[in-house]
Amino acid sequence: MPGIALVGTQWGDEGKGKVTDLLAEKTDLVVRYQGGNNAGHTIVVEGERYALHLVPTGILYPHCIPVIGPGVVVNPSVLIEELDTLEERGIETGRLLLSGNAHLIMPYHLELDRVTERRLGKNRLGTTKRGIGPAYADKATRIGLRVQDLLDPKIFSAKLEVALKEKNLLLTRVYGRLPLEQKEIEGDYLAFADRLGPHITDTDRVVQGALDEGKTVLFEGAQATLLDLDHGTYPFVTSSNPIAGGACAGAGVGPRDIEQIIGISKAYCTRVGTGPFPSEADPADGEILVEAGQEYGTTTGRKRRCGWFDVVGARFAARLNTLTELVITKLDVLSEFERIKVCVGYSYEGKRYDHMPPNQTIFNKCRPIYEELPGWSQDITGARSLEDLPKEARSYLEMLENLVDTPISWVSVGPSRDQIVRLQGAP
Ligand code: GDP
Ligand code: IMO
Ligand code: MG
């Protein structure tokens with residue numbers, strides 16, 4: 001089995017971590033291809049909860065090589081902290097491979113993420129304040145520092161000087177902040193180099209070599225389709241390409257290397273941060289979803305906004321990612337409801353939209369068109385096969401499958417590894 005991409009189909013936190021973990025058993029390499037420690041992937045193994053931000057979930061399996069690809073932005077101190085925490089919990093981390101081409105998140109990126117959000121005021125994006133946007137911006141304007149620069153102190157120093165000159169002007173003159181010290185940053189980052197050096201390599205060759213040998217490589221998406229920089233709900237998006245197509249650029253493989261593309265979707269929908277959300281639930285239903293689904297961010301602890309499954313968004317994600325299948329997570333959370341809504345289309349100025357509207361004004365102002373289904377109002381966390389699910393839950397899944405026109409392969413009914421229903425054709 002060669003390349004498998006796993007992507008979020010909504011606004012993130014669909015349960016990608018849990019599904020990657022399920023696949024990791026059969027996987028040789030797990031590659032992160034974009035994003036940084038804005039991600040928060042929770043995995044529950046034998047009652048132990050792991051929250052990973054930067055390290056690919058494959059780290060939890062001794063047979064699996066976790067890879068941080070060139071498309072990721074890396075905060076080295078966060079990476080070291082995450083590795084140390086895993087080691088303390090008995091997880092061996094020496095296998096981790098880190099691309100020398102990945103860009104570094106620098107202290108001024110963190111500072112700029114904070115001050116630009118503040119400046120935007122009510123128009124703020126609600127970023128995770130992890131420096132992601134500023135780091136990708138520097139990559140695009142070609143003044144970024146890369147992981148490999150850590151290995152050459154002279155180059156690191158020269159590049160830092162160029163970048164810092166501009167950043168300090170911005171921080172002091174525009175934002176009224178104190179300037180950052182070159183020597184201090186250099187000291188910290190070159191110490192990180194000692195620790196990370198053994199992990200740094202040409203990961204493109206490793207990943208390509210594994211694919212050539214017929215090994216299974218899982219491309220682990222962070223964030224999700226509707227947060228994609230080019231295709232999401234811009235400007236309320238992240239600064240990378242979480243879509244399956246992004247795996248090629250961000251991991252250094254070709255489109256023909258990816259054979260299976262798994263889209264992860266909650267049985268409802270959530271969003272963290274600001275931005276349009278047509279199927280956002282009314283406060284009473286939203287609160288039930290927050291509590292039953294424990295919808296608090298893994299990275300920032302923020303309460304997630306909650307709403308109903310959005311068929312329009314899911315259809316968009318299915319086509320854009322060329323999904324081969326869909327995994328529905330957190331079906332158990334809907335057990336709280338006597339009636340369940342599904343957003344089957346949008347309406348705006350008397351017109352119905354069954355597909356993503358062509359511009360943001362419509363998406364911002366459209367109203368959801370709901371269909372309602374009866375709920376099942378019973379505990380389904382013990383279900384392990386389709387037959388174990390109440391008929392209302394099966395009808396719900398059938399409806400989603402038909403409307404999104406993508407087969408559902410797995411349904412998750414709880415956070416633990418074993419709380420999963422495998423449907424026909426599951427990997
Ligand atoms: P990710 O960012 O897509 O990996 O998702 P997160 O880890 O941020 O958020 C998903 C949350 O839902 C985590 O706390 C998971 O442990 C939890 N979770 C995953 N699948 C299920 C499920 O089927 N049911 C319930 N109740 N929780 C789940
Ligand atoms: P996982 O991988 C949910 C959101 C932020 C904000 C926007 C931009 O756990 O699904 P950024 O810090 O990336 O510049 O913030 O994107 N966001 C996420 N929302 N899950 C995530 O990751 C997210 N990563 C970023 O809340 O709205
Ligand atoms: Mg998350």
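Below, each value reflects all heavy atoms present in this structure, side chains not excepted, and no hydrogens, waters or symmetry copies. From a predicted model like this one, the values you see are computed outputs, not experimental measurements. In this chain, residues are counted from 1 in sequence order. For ligands, and for the atoms within them, numbers begin at 1 and follow the listed sequence.
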Requested in this report: State whether the number of non-hydrogen atoms from other residues, nucleotides or ligands found under 6.0 Å of Arg319 atom CZ is greater than 12.
Outcome: no
Query raised in the report: Quick one: nearest non-hydrogen protein atom to atom 16 (O) of ligand 1, plus distance?
Result: Pro415 CB, 3.6 Å
Requested in this report: Would you indicate whether Gln294, at its atom CD, is surrounded by more than 12 heavy atoms from other residues, nucleotides or ligands within a distance under 6.0 Å?
Outcome: yes
Query raised in the report: Closest non-hydrogen protein atom to atom 15 (C) of ligand 1, residue and atom name please, with distance?
Result: Thr42 CB, 4.1 Å
Query - Ala222: numbered ligand 2 atoms lying under 4.0 Å from its heavy atoms - result: 2 (O)
**Report entry** atom 12 (O) of ligand 1 - nearest protein heavy atom and its distance
**Finding:** Lys330 NZ, 3.0 Å
Query raised in the report: Any N or O on Val272 sitting closer than 3.5 Å to an N or O of ligand 2?
Result: yes
Query raised in the report: Counting N and O atoms only, with roles assigned by atom type, does the side chain of Thr406 sit under 3.5 Å from a partner on the main chain of Val404, one being a donor and the other an acceptor?
Result: yes
Query raised in the report: Would the number of heavy atoms belonging to other residues, nucleotides or ligands and lying under 6.0 Å from CD of Glu372 be above 12?
Result: yes
Report task. Decide whether Asn321 and Thr225 meet the rule of one side-chain donor and one side-chain acceptor closer than 3.5 Å. Result -> yes
Query - Ile105 side chain reached by Ile132 side chain, heavy atoms, under 4.5 Å - result: yes
Report task. With heavy atoms under 4.0 Å as the rule, classify the contact between His41 and ligand 2 as side chain, backbone, both or neither. Result -> side chain
**Report entry** side-chain contact (heavy atoms from CB on, under 4.5 Å) assessment of Thr298 paired with His41
**Finding:** CA-CA 7 Å; Thr298 312; His41 301 163; over 6 Å; no
**Report entry** Shortest protein heavy-atom distance from atom 4 (O) of ligand 1, along with the residue and atom involved
**Finding:** Gly17 N, 2.8 Å
Requested in this report: Give a yes or no answer on whether the side chain of Asp84 reaches the backbone of Glu87 with a donor-acceptor pair at less than 3.5 Å.
Outcome: no
**Report entry** N-O pairing of Glu398 and Lys391 below 4.0 Å
**Finding:** no
Query raised in the report: Can you list the atoms of ligand 2 that are under 4.0 Å from a heavy atom of Gly273?
Result: 27 (O)
Query raised in the report: Lys16 heavy atoms, cut-off 4.0 Å: which ligand 2 atoms fall inside?
Result: 1 (P), 2 (O), 10 (O)
Report task. Any atoms of ligand 1 less than 4.0 Å from a non-hydrogen atom of Ser412? List them with their elements. Result -> 20 (N), 21 (C), 22 (C), 23 (O)
Requested in this report: Using a strict 4.0 Å threshold on nitrogen-to-oxygen distance, state whether Lys266 and Glu295 make a salt bridge.
Outcome: yes
Query raised in the report: Does a donor on one side chain sit under 3.5 Å from an acceptor on the other, for Ser99 and Asn101?
Result: no
**Report entry** Proximity flag His53 to ligand 1, non-hydrogen atoms under 4.0 Å
**Finding:** no
Requested in this report: Determine the interplanar angle of the Tyr346 and Phe363 rings, folded into 0 to 90°, and report it as parallel if under 30°, tilted if 30 to 60°, perpendicular if over 60°.
Outcome: perpendicular
Query raised in the report: If you measure from each non-hydrogen atom of Asp113 to ligand 2, which part falls under 4.0 Å: side chain, backbone, both or neither?
Result: neither
Query raised in the report: Given that the side chain starts at C-beta and the backbone is N, CA, C, O, which of these parts of Val413 lies under 4.0 Å from ligand 1, counting heavy atoms, or is it both or neither?
Result: backbone
Query - Validation row: Asn38, Thr127 side chains within 4.5 angstrom (heavy atoms) - result: no
Requested in this report: Pull out every atom of ligand 1 sitting under 4.0 Å from any heavy atom of Arg304, numbered as shown with elements.
Outcome: 8 (O), 9 (O)
Report task. May I ask whether Gly293 has any heavy atom positioned less than 4.0 angstrom from an atom of ligand 1? Result -> no
Requested in this report: Measure from the Mg ion (ligand 3) to every N/O/S atom of Asp13 and report the name of the nearest one.
Outcome: OD1
Query raised in the report: Only one of Tyr396, Tyr268, Phe337 forms a ring pair (Phe, Tyr, Trp, His ring centres under 6.0 Å) with Trp308, so which one is it?
Result: Phe337
Query raised in the report: Are any of the N or O atoms of Gly12 closer than 3.5 Å to those of ligand 1?
Result: no
Report summary line: So the atoms of ligand 1 within less than 4.0 Å of a heavy atom of Lys18 turn out to be 20 (N)
Query raised in the report: Heavy-atom contacts under 4.0 Å between Leu227 and ligand 2: side chain, backbone, both, or neither?
Result: side chain
Query - Under 3.5 Å: N/O of Thr128 near N/O of ligand 2 - result: yes
Query raised in the report: Which protein non-hydrogen atom lies closest to atom 26 (N) of ligand 1, naming both residue and atom, and how far is it?
Result: Asp332 OD2, 2.8 Å
Query raised in the report: Short N/O distance, under 3.5 Å, between Gly15 and ligand 1?
Result: yes
Query raised in the report: In this structure, are over 12 heavy atoms from other groups packed under 6.0 Å from Arg384 atom CZ?
Result: yes
**Report entry** Gly40 near the Mg ion (ligand 3) via N/O/S, less than 2.8 Å
**Finding:** yes
Requested in this report: Select one of side chain, backbone, both or neither to describe which atoms of Arg130 lie under 4.0 Å from any atom of ligand 2, heavy atoms only.
Outcome: neither
Query raised in the report: Does the N or O separation between Thr238 and ligand 2 drop below 3.5 Å for any pair?
Result: yes
Query - For His41, the ligand 1 atoms whose distance to one of its heavy atoms is below 4.0 Å - result: 1 (P), 2 (O), 4 (O), 7 (O)
Report summary line: For Thr298, the ligand 1 atoms with a heavy-atom partner under 4.0 Å come out as 6 (P), 7 (O), 8 (O)
Query raised in the report: Just wondering, do Phe309 and Gln10 contact through their side chains at under 4.5 Å, heavy atoms?
Result: yes
**Report entry** Gly126: numbered ligand 2 atoms lying under 4.0 Å from its heavy atoms
**Finding:** 5 (C), 6 (C), 26 (O), 27 (O)
Report task. Return a yes/no value for Ala292: is any of its N or O atoms, backbone included, closer than 3.5 angstrom to an N or O of ligand 1? Result -> no
**Report entry** Thr300 near ligand 2 by a heavy-atom separation under 4.0 Å
**Finding:** no
Requested in this report: Give yes if a backbone or side-chain nitrogen or oxygen of Gly414 is under 3.5 Å from a nitrogen or oxygen of ligand 1, and no if not.
Outcome: yes
Query raised in the report: Do any N or O atoms from the side chain of His109 and from the backbone of Arg130 form a donor-acceptor pair under 3.5 angstrom?
Result: no
Query raised in the report: In terms of side-chain geometry, is the basic nitrogen of Asp310 or Arg271 positioned less than 4.0 Å from the acidic oxygen of its partner?
Result: no
Query raised in the report: atom 10 (C) of ligand 1: which protein heavy atom is closest, and how many Å away?
Result: Asp13 O, 3.7 Å
Query raised in the report: So, Thr9 side chain and Ile264 main chain: donor-acceptor pair closer than 3.5 Å or not?
Result: yes
Query raised in the report: Any idea which part of Trp11 is under 4.0 Å from ligand 2, heavy-atom wise: side chain, backbone, both or neither?
Result: backbone
Query raised in the report: What is the nearest protein non-hydrogen atom to atom 2 (O) of ligand 1, stated with its residue, atom name and distance?
Result: Gly40 O, 2.8 Å
Query - Atoms in ligand 2 with a heavy atom of Leu125 nearer than 4.0 Å - result: 27 (O)
Query - Close approach, Ala224 and ligand 2, non-hydrogen under 4.0 angstrom - result: no
Report summary line: When distances are taken from atom 3 (C) of ligand 2, the protein heavy atom at minimum range is Asp13 OD2, 3.2 Å
Query raised in the report: Does the distance from a Lys or Arg side-chain N to an Asp or Glu carboxylate O, for Lys167 and Glu111, drop under 4.0 Å?
Result: no
Query raised in the report: Less than 4.0 Å between a side-chain N and a carboxylate O, is that true for Lys129 and Glu117?
Result: no
Query raised in the report: Any N or O on Gly40 sitting closer than 3.5 Å to an N or O of ligand 2?
Result: yes
Query raised in the report: Judging by distance only, is a nitrogen or oxygen of Arg302 under 3.5 angstrom from one on ligand 2?
Result: yes
Query raised in the report: Without hydrogens or angle criteria, can the side chains of Lys18 and Thr329 be said to hold a donor-acceptor pair below 3.5 Å?
Result: no
Query - Closest to atom 24 (N) of ligand 2 among Gln223, Glu14, Gln10 (heavy-atom distance) - result: Gln223
